[in-house]
Each structure stands twice: as C-alpha cells, then as structure tokens.
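Please read all numbers here as calculations on a predicted model, not as lab measurements.
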Amino acid sequence: MADRYFCNDMPEFVAEEGEEEELVARSSLLKLLHEPFPSAADRFLRAGIDLKEKIVEKTWIEPGRRVRGDFSLYTGTLGTAFLLLKAYQITNNEADLRLCSEIVRACDSASQSSRCVTFICGRAGVCAIGAVAAKYAGDDPAMNHFLSSFRSITLPPDVPNELLYGRAGYIWACSFLNKHIGPNTIPPSHTAAMAKKIVEEGREQARRSGSEWPLMYEWHGKKYLGAAHGVAGIMNALMTVDLSGDDRDLVKSTILSLIRRRLPGGNYPSSEGGHQADRLVHWCHGAPGAAMTLVRAHQVFGGEFLAAAGGAAEVVWRRGLLKRVGLCHGVSGNAHVFLSLHRATGGGGALHRAKAFASFLLDRGAGLIAAGEMDGGDRPLSLFEGQGGVALLFLSMASPLDSSFPGYEL
C-alpha cells in the first residue's frame, strides 16, 4: 500500500510562533508549518495566482482561446473557467471574471451535443458556472441564457444515479444554482421529483439484490460505495435538497450502513460484495469522499456523523499524501477533507492538517513530479487530475471558511 502514498512524518501540531530558529531551519517544509497562518495564507494566495496564470496560458491562450475536445470541469477547459471564478471570488480581479465568462461561452458551444447531464462531467456544469459568473458580472441576459439552457437539459431514460454521469450530479448542479443565484431558481418540485426517483431506484436495487442496505445502486455492474460512482456521492447529493420524511430516514439509514462497512483500519471499501482490499484513500473511492459526505450528514442530521467524519479524516492524515496531485485521487483533493472539518467545527487542528498538506505540495510537489516520484496526472493541468486542483487548494487556503470541493460541497 505504501507505494501509493508518501509517509506523513509532519507533526500533528505546530506552534506557529515562538519556535527556535534552528528548529525551523531543519527543512523548508517545517518552516512553512511554523509560519503564522495569515502570512502562510498570503504565500498560498500568491502561489495559487501564479499557478492559475500558468494554467490559463497553457489551456486557453496557447490553444487559440478555444475548446479542444474535452469541455468538462473534470479534465477539460471548464476546469480553467472554474479556477478563474474561484480566483475572482478571492481577489475581486475583474480580469479573471471576464476571462472565466469568455471560456464558459466557448464551453457552452462545445457542450451543445453532450448527453452528459452532470456538474462535474456534463452540460449542467457549463450552464451552472456560466449563470453564476454572469450574475457576478451583472450580465442579466447572459445569466438568463445559461439558466434557460440549464432548464432545457433533458435526462435520458437510461441515466444512472451516480455523481459523475448521473442523476446525483444533476441534482447537485440544481442545488449549486439555488445557492448562488437564489432559492427556487430550480423549483423544489423539480429537485424533489428527481430525488424521489433516485430513492425509488435505490430501494428497488436493494430489494432485488437481497441487500441489507436501505438504498443500494449499481454502476457498470458493481455496487460502488464511494463519492464518484457510489453510495457516498449519491447520498451527499440527496442531502442538498428537501426530502420527504420517509426518504430522509432512508438516506440517514443508508449513511449509517456505510459507516458500518468501515474496514478494520478505518478506511472505506470502494465497492460492496467484492474484493475488500484496503488500498484506495481517494476522494473518488475511500475515506476522503466518505468523510465529506459524513460532514454533510452531521450538518443535516447531527448525531454520530461528525465523529465518523473525524475517524475517516484520521485515515486521510496517515495515508493521504498520495503520489498524485489532483482533486479526484491526489493530495489536493485529500486536503479538502480537513478544510471540510474545519468549516464544520472551527477547530484549529483540522486547519493545521489542511495547511500541512498544502505546504507539502508547495514545498515539494514540483520537485517530486520532476524527479518522477509523484504523478502529475494524465491531464497534468486539469482541475480533477492535475495542477488545476493544486491551484484551487492554494486559493482555498487563502480563505478556508469559503472553501469547497467543486461538484461536492456547496
């Protein structure tokens, strides 16, 4: 297993002031950890802006300011637009907002024939991000165009229920619009009907398979449990909308069933009924995605969910310095677990851990990639697989209480 991650020998706690100079001189990473958070936040912000500029140059300017193939948030050009939108939210740089809007317009054209309906991989993400950027810009005609386009999205009859390509990813996009544009932008009756369909199919799948789960789902013939394709991601999306009493209880019971499937070391298996190897500590499969779902469950239901989220975060702290950089299955995505806990609790311990993971990337990431010891991703500038996720993390560290994992946390 250790070949998937670097040993985390960073201290559990660091006093940010008053340390002896010779102590912090032992390593540049330790020096970063001891730096008071306000100055560290400034350092992360500068690094995030610099990396954002590099990504914009390579993914938009050099390709001729057009979408070449992949438009998606996950690995395509929309990820650059989202990064620019985040930079604008942090710095209020109008140039970032204008460039974000320009890129989204190109993604709008490129996604016209897409059958994918989700925020992360499909047309819903283009329309939702376009509407929010237009609202910030005060461009009502553009906002209305994107909202009209969003409302015209039709889900195919055979659409799955998972997050990346299915109903859960569409519902999450609806909730994103309702938060950032205004309540009832997408009517509750619409999201309630979609949620009811997801719950009904989950009950039927559990019944057919003889499962002990209240709700269960399959994707490509496997009963996945993680954020990207499985139970954790579907329950997370359902918790962003108003549910009827019975459906609410089923969602809560399903999350409790997920907790009971924890492996002996505290990690979560990637699927039900298959090989239970304790290997993956990713947002897409394993403890990181489960932790964020459990934080959301704490916000919705209270109870034991925060303690379970903390347990999953312990796995991420021990084994989450992955030899990859991105959001989906890399260090930058795993750092968001600690930002999620920090927002939920206000505790300094979780913020220290987020700072530690971000400092590791800032101090050592580029060198490890250059040395071939860390994978920069098949699409090395993208948001979910590459440096785009690193830039987003650095920008998020400048304002931790405003952070969120794209397509998963509102």
K.L.:
Without swapping roles, check the side chain of Asn178 against the backbone of Ile186 for a donor-acceptor pair under 3.5 Å.
P.N.:
yes

K.L.:
Between Arg123 and Asp108, is the salt bridge (Lys or Arg N to Asp or Glu O under 4.0 Å) condition met? List the steps.
P.N.:
CA-CA 8 Å; Arg123 181 150 171 78; Asp108 184 27; 2.9 Å; yes

K.L.:
For Gln112 and Phe71, run side-chain contact (heavy atoms from CB on, under 4.5 Å): C-alpha distance rounded to whole Å, both residues' side-chain angles, the deciding distance at 0.1 Å, then the answer.
P.N.:
CA-CA 10 Å; Gln112 290 288 334; Phe71 69 83; over 6 Å; no

K.L.:
Of all the heavy-atom pairs spanning Leu83 and Leu392, show the shortest one and how long it is.
P.N.:
CD1-N, 3.6 Å

K.L.:
Are Tyr224 and Glu272 packed together at the side-chain level, in the sense that at least one heavy-atom pair is separated by less than 4.5 angstrom?
P.N.:
no

K.L.:
Ignoring hydrogens, what is the shortest heavy-atom contact between Pro288 and Val316? Give both atom names and the distance.
P.N.:
CG-CG2, 3.7 Å

K.L.:
Any side-chain heavy-atom pair from Val251 and Leu243 closer than 4.5 angstrom?
P.N.:
yes

K.L.:
List the atom of Trp219, the atom of Pro160, and the distance in Å for their closest heavy-atom pair.
P.N.:
CD1-CB, 3.9 Å

K.L.:
For the CG atom of Leu177 and the OG1 atom of Thr191, what is their distance to the nearest 0.5 Å?
P.N.:
11.5 Å

K.L.:
Do the side chains of Leu51 and Val390 get nearer than 4.5 Å, heavy atoms only?
P.N.:
yes

K.L.:
Give the intermediate values and the outcome of side-chain contact (heavy atoms from CB on, under 4.5 Å) for residues Val331 and Met374.
P.N.:
CA-CA 10 Å; Val331 178; Met374 195 172 196; 3.7 Å; yes

K.L.:
Keeping the roles fixed (side chain from Ser399, backbone from Ser396), state whether a donor-acceptor pair exists under 3.5 Å.
P.N.:
no

K.L.:
So does Gly166 get a backbone contact from the side chain of Glu162, meaning a donor-acceptor N/O pair under 3.5 Å?
P.N.:
yes

K.L.:
Is a side-chain donor or acceptor of Ser382 paired with a backbone partner of Glu385 at a separation under 3.5 angstrom?
P.N.:
yes

K.L.:
With a 4.5 Å heavy-atom cut-off, do Phe176 and Val132 have their side chains touching?
P.N.:
yes

K.L.:
Grab the two heavy atoms, one from Ile171 and one from Ala195, that are nearest each other, plus how far apart they are.
P.N.:
CD1-N, 3.6 Å

K.L.:
Side chains of Trp317 and Val337, heavy atoms from C-beta outward: is any pair under 4.5 Å?
P.N.:
no

K.L.:
Counting distance only, does the side-chain N/O of Lys223 pair as donor-acceptor with the main-chain N or O of Glu218 below 3.5 Å?
P.N.:
no

K.L.:
Once rounded to the nearest 0.5 Å, what's the spacing between atom CG of Asp378 and atom OG1 of Thr75?
P.N.:
9.5 Å

K.L.:
Give me the atom names and distance for the closest heavy-atom approach of Leu258 to Tyr268.
P.N.:
O-CE2, 3.3 Å

K.L.:
Determine yes or no for a side-chain-to-main-chain donor-acceptor pair under 3.5 angstrom, with Glu304 supplying the side chain and Ala307 the backbone.
P.N.:
no

K.L.:
For a side-chain contact (heavy atoms from CB on, under 4.5 Å) check, start with the C-alpha distance between Leu29 and Met10, then their side-chain angles and the critical distance, and finish with the verdict.
P.N.:
CA-CA 9 Å; Leu29 176 57; Met10 293 183 288; 4.0 Å; yes

K.L.:
Does the side chain of Trp213 come under 3.5 Å of the side chain of Gln205 through a donor N or O and an acceptor N or O?
P.N.:
no

K.L.:
Using 0.5 Å steps for rounding, measure from the NZ atom of Lys52 to the CG atom of Asn93.
P.N.:
6.0 Å

K.L.:
Distance alone, cut at 3.5 Å: any donor-acceptor contact between the side chains of Ser72 and Asp70?
P.N.:
yes

K.L.:
Please verify the inter-ring angle class for His352 with Phe13; under 30° counts as parallel, over 60° as perpendicular, anything in between as tilted.
P.N.:
tilted

K.L.:
Any side-chain to backbone donor/acceptor pair from Asn267 onto Asp278? Under 3.5 Å, distance only.
P.N.:
no

K.L.:
Judged by atom type as modelled, is there a donor-acceptor pair below 3.5 Å linking the side chain of Ser148 to the main-chain atoms of Asn144?
P.N.:
no

K.L.:
Gly376 and Ile369: which non-hydrogen atoms are nearest, and at how many Å?
P.N.:
CA-CD1, 4.2 Å

K.L.:
In Å, rounded to the nearest 0.5 Å, how long is the span from CG of Leu339 to CG of Asn334?
P.N.:
11.5 Å

K.L.:
As an exercise, state the distance from CG of Asp42 to CE of Met397, rounded to the nearest 0.5 Å.
P.N.:
12.0 Å

K.L.:
So, do Leu395 and Ile49 sit near enough that their side-chain heavy atoms are less than 4.5 Å apart?
P.N.:
yes

K.L.:
With a 4.5 Å limit on heavy-atom distance, are the side chains of Met216 and Leu225 in contact?
P.N.:
yes

K.L.:
Could you give me the CA-CA distance, side-chain angles and deciding distance for Lys222 and Ser271, then say whether side-chain contact (heavy atoms from CB on, under 4.5 Å) is met?
P.N.:
CA-CA 7 Å; Lys222 294 187 71 172; Ser271 61; 3.9 Å; yes

K.L.:
Would you give the length of the straight line joining atom CG of Leu32 to atom CZ of Phe360, rounded to the nearest 0.5 angstrom?
P.N.:
12.5 Å

K.L.:
Is the number of heavy atoms from other residues, nucleotides or ligands within 6.0 Å of CZ (Arg65) greater than 12?
P.N.:
yes

K.L.:
Flag the pair Pro400 / Leu351 as yes when at least one side-chain heavy-atom distance between them is below 4.5 Å, and no otherwise.
P.N.:
yes

K.L.:
How are the rings of Phe338 and Phe357 set relative to one another: parallel (under 30°), tilted (30 to 60°) or perpendicular (over 60°)?
P.N.:
perpendicular

K.L.:
Surrounding CZ of Arg115 (heavy atoms of other residues, nucleotides or ligands, distance under 6.0 Å), is the total greater than 12?
P.N.:
no

K.L.:
side-chain hydrogen bond (donor to acceptor under 3.5 Å, both in side chains) with Ser403: which of His336, Arg343, His342?
P.N.:
Arg343

K.L.:
Under the salt bridge (Lys or Arg N to Asp or Glu O under 4.0 Å) criterion, do Glu201 and Arg167 qualify, and how do the steps go?
P.N.:
CA-CA 11 Å; Glu201 291 203 2; Arg167 292 188 182 95; 3.4 Å; yes

K.L.:
Has the side chain of Thr59 got a donor or acceptor atom that lies under 3.5 Å from a matching backbone atom of Thr77?
P.N.:
no

K.L.:
Less than 4.0 angstrom from a charged side-chain N to a carboxylate O is my criterion; do Asp139 and Arg98 meet it?
P.N.:
no

K.L.:
Run the numbers on Arg353 and Glu314 for salt bridge (Lys or Arg N to Asp or Glu O under 4.0 Å), then give the verdict.
P.N.:
CA-CA 10 Å; Arg353 290 181 169 191; Glu314 289 298 324; 3.1 Å; yes

K.L.:
Ring centroid separation for Tyr170 and Phe150, is it under 6.0 angstrom?
P.N.:
yes

K.L.:
Go through the steps to decide whether Asp402 and Lys86 satisfy the test salt bridge (Lys or Arg N to Asp or Glu O under 4.0 Å), and finish with yes or no.
P.N.:
CA-CA 10 Å; Asp402 298 316; Lys86 179 65 175 181; over 6 Å; no

K.L.:
So, for His180 and Tyr136, is the gap between ring centers shorter than 6.0 Å?
P.N.:
no

K.L.:
Take atom CG in Asp242; do more than 12 heavy atoms of anything else shown fall under 6.0 Å from it?
P.N.:
no

K.L.:
Has the side chain of Arg262 got a donor or acceptor atom that lies under 3.5 Å from a matching backbone atom of Ile259?
P.N.:
yes

K.L.:
With a cut-off of under 6.0 Å to the ring centre and 45° to the axis, is Lys323 in cation-pi contact with Phe6?
P.N.:
yes

K.L.:
How are the rings of Tyr408 and Phe405 set relative to one another: parallel (under 30°), tilted (30 to 60°) or perpendicular (over 60°)?
P.N.:
perpendicular

